[in-house]
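Worksheet for the structure shown next.
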2 protein chains.
Amino acid sequence: MNVTTRKEEIIVVASRLFKEKGYTAVSMRDIAQAMGIKAASLYNHISGKQELLSTLVLRLAEDFTLGMEAVQQESGSQVSKIRKVIELHIDITVNASEALAALNNDWMHLEGEDLHRFVGMRETYEENFRSIIKKGIEAGELQPHHPEVILFSILSTLRTLYLWYQKRGKLDVNVLKKDMVAVLLRGIV
Amino acid sequence: MNVTTRKEEIIVVASRLFKEKGYTAVSMRDIAQAMGIKAASLYNHISGKQELLSTLVLRLAEDFTLGMEAVQQESGSQVSKIRKVIELHIDITVNASEALAALNNDWMHLEGEDLHRFVGMRETYEENFRSIIKKGIEAGELQPHHPEVILFSILSTLRTLYLWYQKRGKLDVNVLKKDMVAVLLRGIV
DNA sequence: TTACAAAACTAACGTTTGTTAGTTAGAATC
DNA sequence: GATTCTAACTAACAAACGTTAGTTTTGTAA
């Protein structure tokens, strides 16, 4: 009994290469070489390059969607929901930092229904987040800034967290959560 | 006398395509078609695809470097320097939003000395920013959070500004500056 | 030992890629 | 009017691409 299938191994290797050079710049021969086999052998396990991308991206997109739905159904304040969203991003980043690169940079190379589905999920996600922020402003919990500025200030930081969170030594996840919540909610001055 | 050279037109078209699909996914035939000419004709004006990328990226990188040097030589508080950096990013974003995509996503496809130079410039830039933040914390101007968290929270938002600042209608540049400074410095609660 | 399935291989395919060479039409300069 | 320059063209190249077909090796179960 093997703990991971060969297919899963390919996906892991591919996500690492995609992170380094981007989906288009990585060839099937690159992926094969990184696994010590020939390109044609990959096709015993996967249907093609596109499957690698769509698996990586859509899996993660569903994690985000489910996480956001859970947050949405909570009963606390809007600020506490935002805190939950921040923690959601950090949790996903910590154990899927490679695949996040594909989600952020290569989603536009999805094809057909996969592309359509991803874009829909992303729009829904942003709309849910925007709704939390607007309610927070209405309730007087948040400063009355342009909601779009608030939304994308937070989201930009969370989305690119994968690029830097592991660069400088090991930031403990809980410390990171605490610091990021503080910085994103209460600022730095 | 023409106000822009043909070469400059190619660079503009290329940056637009690079933003949409990424450097590797854009072919010379794509660029040529977008200009209504054949791929081979491009070579009357440029030396190759790589020149397009390095021109786009290094030009912008120098803008950032010069801007940061100017900020560094100011005499105000560290917080006012950070405010200047925020404004610098917004100014560059507003009139070079296409090229910023290449700088953010495709710099790794630079070759040889160009790659080396870019990475050096980016490291210096981050180091200068980090230094401002550290001094700000020491001086008691900034909250004593992990400097790395502060640095990349701000930088992530500024670097991906090009992705969203023009999506929702026209945000006036000065309003945008004011809002972003407020959100990034003082938070949202 | 045989049988079977999993996972590798070699060889090749049709396309697309960036780029070069050589040519041509029109405008500017002498 | 002859010459030079600019900017387009056609044709073609070698290399790299994703993928397919058919074959061989390897490990497991009967």
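Chain A is the first sequence line, chain B the second, and so forth, proteins listed ahead of strands; every chain is numbered from 1.
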Whether B:His45 contacts D:dT6 is assessed here as follows: a side-chain N or O lying under 4.0 Å from the phosphate OP1 or OP2. Is that the case? no
When you match A:Arg29 and A:Leu42 each to their closest nucleotide on DNA chain C, which lands nearer the 5' end? A:Leu42
Indicate whether any N or O donor in one side chain lies under 3.5 Å from an N or O acceptor in the other, for B:Thr160 and A:Ser156. yes
Whole angstroms only, please: what is the CD1-P distance between B:Ile46 and D:dT6? 17 Å
Can you measure B:Met28 atom CE to D:dT10 atom P for me and round it to whole angstrom units? 17 Å
When rounded to whole Å, the NE2 to C1' distance for the pair B:His109 and C:dG18 reads 15 Å
Can you check whether B:Phe118 and B:His109 have ring centres sitting under 6.0 Å from each other? no
Identify, between B:Asn44 and A:Gly48, the residue whose nearest nucleotide on DNA chain D lies closer to the 5' end. B:Asn44
Side-chain N or O of B:Lys38 less than 4.0 angstrom from OP1 or OP2 on D:dA8? no
Whether A:Glu74 and A:Lys84 form a salt bridge (side-chain N of Lys/Arg under 4.0 Å from carboxylate O of Asp/Glu) is what I want to check. yes
May I ask you to say whether A:Glu62 pairs ionically with A:Arg117, meaning some side-chain N is under 4.0 Å from a carboxylate O? yes
In whole angstrom, what separates A:Gln33's CD from C:dA8's C1'? 16 Å
